[in-house]
Amino acid sequence: MSRTTRLSSSLLRAAAVTGVAALTLTACGSGSGSDSSSGSGSGTVKVGLITKTDTNPFFVKMKEGAEKAAKENGAELSTAAGKFDGDNAGQVTALENMVAAGVKGILITPSDSKAIVPAIEKARAKGVLVIALDTPTDPEKAVDALFATDNLKAGELIGEYAKAAMKGKKAKIATLDLAPGVSVGVQRHDGFLKGFGASDKDVVCAQDTGGDQAKGQTAMENCLQKAPDINVVYTINEPAALGAYTALKAKGREKDVLIVSVDGGCTGTQAVKDGKIAATSQQYPLKMAAEGVKAVVTFAKDGKKASGYTDTGVTLITDKAQDGVASKDTGYGLENCWG
């Protein structure tokens, strides 16, 4: 072998080491009982977590749940996130990096349920267990398993609640949704209409908000211009609900419009307690992540793969309970909220 060839090989080895080192800078060590301080000793299970963003309180809590579970199970956790909700390219890169680093399993909340599938298929072909959290892939079977809220049920619960709360009064419904084609948004929207006993033709105004508070306010302002007599507002999440509340308050309508939502974050649950939102369906991101980490560790130890759908639970939270609709009050909600 020539000196040039030997030098090139040395440089390649050095680059590989540098790349791995850079990736592990984002990793969370497995705890004092691990084989090495970096968590990379023999026998340590490497788990990857990829969320849509690293700023949304929902995903912050999910990361906390994964970190705690990794520590309890002697695993090493590496985390990554998209730069924004919808950053599929960023999630693909994170998947590829984690596979190259030797993770045994990857937990992911897909930003684009369809576009992420080819990258997931490549990871699974290399023996990596891939579990979707919160948001299913399209098709759902593109991953080994799904740990998530039953979003259709979450929507149904607030739909049933809103129907009962209206007490026979004719509803003029506005829906403040997520974005076209996003499975979570579609399921919650459809669930709400099903629970209410309505259909899209009964909706007097529908707007997309991306789950953003400012966009939720703008959407509500637009809806009030289109249909000033709106009296029921469904929102994809609580930031959108609070945006809607701000717009309604500016028009002096905050007392006579029923707002229902989904998520159960601490800010949103407090808004229910304060009377800004009538009810919300609370979900549990910490549980999703913790169960996902445990599933990867089990797979690494005995080869048993998690499969199918695991419902991580949903609870209707309100301080104005309605007959025939199961719910818990904001005391329970604030004890179990996230963010």
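Computation of the quantities below employed the complete heavy-atom set of this structure, encompassing side-chain atoms and omitting hydrogens, waters and symmetry-equivalent molecules. These numbers were taken from a predicted model, which means no experiment stands behind them.
Each of Ile173 and Val257 belongs to its own hydrophobic cluster when Ile, Leu, Val, Met, Phe, Trp and Tyr are linked at side-chain heavy-atom distances under 4.5 angstrom. Under the 4.5 Å side-chain heavy-atom criterion for Ile, Leu, Val, Met, Phe, Trp and Tyr, Leu178 and Ile158 are members of the same hydrophobic cluster. Val260 and Ile277 fall into different hydrophobic clusters, where Ile, Leu, Val, Met, Phe, Trp and Tyr residues are linked whenever their side-chain heavy atoms come under 4.5 Å apart, directly or through other members. Hydrophobic clustering of Ile, Leu, Val, Met, Phe, Trp and Tyr side chains at less than 4.5 Å, counting indirect connections, unites Ile116 with Val99. If you chain together hydrophobic residues whose side chains sit under 4.5 Å apart, Leu176 and Val184 never meet in one group.
Atom OG1 of Thr175 sits about 5.0 Å away from atom NE2 of His189, to the nearest 0.5 Å. Taken to the nearest 0.5 Å, the CD atom of Glu76 stands 15.0 Å off from the NZ atom of Lys71. To the nearest 0.5 angstrom, Leu107 atom CG is 12.0 Å from Met288 atom CE. Note that OG1 of Thr135 and NZ of Lys52 are 3.0 Å apart. Values are rounded to the nearest 0.5 Å. Atom CD1 of Ile230 and atom CG of Leu258 lie 13.0 Å apart (nearest 0.5 Å). In this structure, Leu316 CG and Asp329 CG are separated by 11.5 Å, a value rounded to the nearest 0.5 Å.
Phe299 carries Lys104 over the face of its six-membered ring, with the cationic atom under 6.0 Å from the centre and within 45° of the normal.
Between the side chain of Trp338 and the backbone N or O of Asp263 there is at least one donor-acceptor pair closer than 3.5 Å. Side-chain atoms of Asp274 never come within 3.5 Å of backbone atoms of Lys276 as a donor-acceptor pair (strictly under, hydrogens ignored). Between the Glu160 side chain and the Val325 main chain, no donor and acceptor come within less than 3.5 Å of each other. Side-chain atoms of Asp177 never come within 3.5 Å of backbone atoms of Ala179 as a donor-acceptor pair (strictly under, hydrogens ignored). A donor-acceptor pair is defined here as one N or O able to donate and one able to accept, closer than 3.5 Å; no such pair exists between the side chain of Asn73 and the backbone of Ala75. Checked by atom type and distance alone, the side chain of Gln91 pairs as donor or acceptor with a backbone atom of Thr109 at under 3.5 Å. Although no hydrogens or angles enter the test, the distance criterion places no donor-acceptor pair under 3.5 Å between the side chain of Thr137 and the main chain of Ser113. Ser281 places a side-chain N or O within 3.5 Å of a backbone atom of Ala154 that can act as its donor or acceptor partner.
Shown are Gln283, Arg188, Gln282; of these, the side chain to side chain contact (heavy atoms under 4.5 Å, CB included) with Thr149 is made only by Gln283. Met62 pairs in a side chain to side chain contact (heavy atoms under 4.5 Å, CB included) with only one of the listed residues (Asn56, Asp134, Thr79), which is Asp134.
Pro136 has its side chain within reach of Gln187: a pair of non-hydrogen atoms, C-beta onward, lies under 4.5 Å apart. With contacts defined as side-chain heavy-atom distances shorter than 4.5 Å, the pair Val293/Glu72 does not qualify. Residues Tyr161 and Lys320 are in side-chain contact: their nearest non-hydrogen atoms beyond the backbone lie under 4.5 Å apart. With contacts defined as side-chain heavy-atom distances shorter than 4.5 Å, the pair Lys273/Gln270 qualifies. By the 4.5 Å heavy-atom criterion applied to side chains, Ile236 and Val262 are not counted as neighbours. Put simply, the side chain of Val203 reaches to within 4.5 Å of the side chain of Leu193, judged on heavy atoms. Using a 4.5 Å heavy-atom cutoff, the side chains of Leu242 and Thr246 are not in contact. A 4.5 Å side-chain heavy-atom check between Ile131 and Val143 finds every atom pair outside the cut-off.
Across every non-hydrogen atom of Val272 and Ala278, the tightest pair is CG1-O, 3.9 Å. Nearest heavy atom pair, residue Gly86 against residue Ser111, reads N-OG, 3.4 Å. When all heavy atoms of Ala174 and Cys223 are compared, the closest pair comes out as CB-SG, 4.3 Å. Closest of all the heavy-atom pairs between Ile120 and Ala142 is CG2-O, 3.3 Å. A pairwise comparison of heavy atoms in Ala123 and Leu95 identifies CB-CD2, 4.4 Å as the closest pair. Closest heavy-atom contact between Leu133 and Ala289: CD1-CA, 4.0 Å.
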Would you please test Leu224 and Leu248 for side chain to side chain contact (heavy atoms under 4.5 Å, CB included) and show each step? CA-CA 8 Å; Leu224 287 171; Leu248 288 164; 3.9 Å; yes
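Through direct or relayed side-chain contacts under 4.5 Å between Ile, Leu, Val, Met, Phe, Trp and Tyr, Leu334 connects to no other residue. Through chains of ILVMFWY side-chain contacts below 4.5 Å, Leu146 is grouped with Tyr309. Cluster partners of Ile317 are Tyr284, Tyr332, counting Ile, Leu, Val, Met, Phe, Trp and Tyr whose side-chain heavy atoms approach within less than 4.5 Å, directly or via other members.
Taking Val103 as the reference, Lys46, Met98, Ile106, Val128 meet the side-chain contact (heavy atoms from CB on, under 4.5 Å) condition, with sequence neighbours excluded. Taking Lys114 as the reference, Asp138 meet the salt bridge (charged side-chain N to carboxylate O under 4.0 Å, His left out) condition, with sequence neighbours excluded. Among residues two or more places apart in sequence or in another chain, the ring pair (Phe, Tyr, Trp, His ring centres under 6.0 Å) test is passed with Phe196 by Phe192. A search for side chain to side chain donor-acceptor pair (under 3.5 Å) contacts involving Thr269 returns nothing, not counting sequence neighbours. Remark: Glu291 pairs with Lys294 by the salt bridge (charged side-chain N to carboxylate O under 4.0 Å, His left out) rule, at least two apart or across chains. Under the salt bridge (charged side-chain N to carboxylate O under 4.0 Å, His left out) criterion, Lys194 pairs with Glu156, not counting sequence neighbours.
Ionic pairing of Glu64 and Lys61 is present here: one or more N-O contacts between side-chain nitrogen and carboxylate oxygen are shorter than 4.0 angstrom. A salt bridge is defined here as a Lys NZ or Arg NE, NH1 or NH2 lying under 4.0 Å from an Asp or Glu carboxylate O, and Lys63 with Asp54 fails to meet this definition.
Sorted by first then second residue, the side chain to side chain donor-acceptor pair (under 3.5 Å) pairs that include residues 228-244, not counting sequence neighbours, are Lys172-Asp229, Thr235-Ser261, Glu238-Thr280. The disulfide bond (SG atoms under 2.5 Å apart) analysis of residues 63-164, with sequence neighbours excluded, yields no pairs. Pairs passing the side chain to side chain donor-acceptor pair (under 3.5 Å) check and including a residue from residues 215-224, sequence neighbours excluded, read Gln207-Asn222, Gln217-Glu221.
Between the side chains of Asp319 and Thr330, at least one donor-acceptor pair of N or O atoms lies under 3.5 Å. Lys167 and Gln322 form a side-chain donor-acceptor contact under 3.5 Å, judged by distance and modelled atom types alone.
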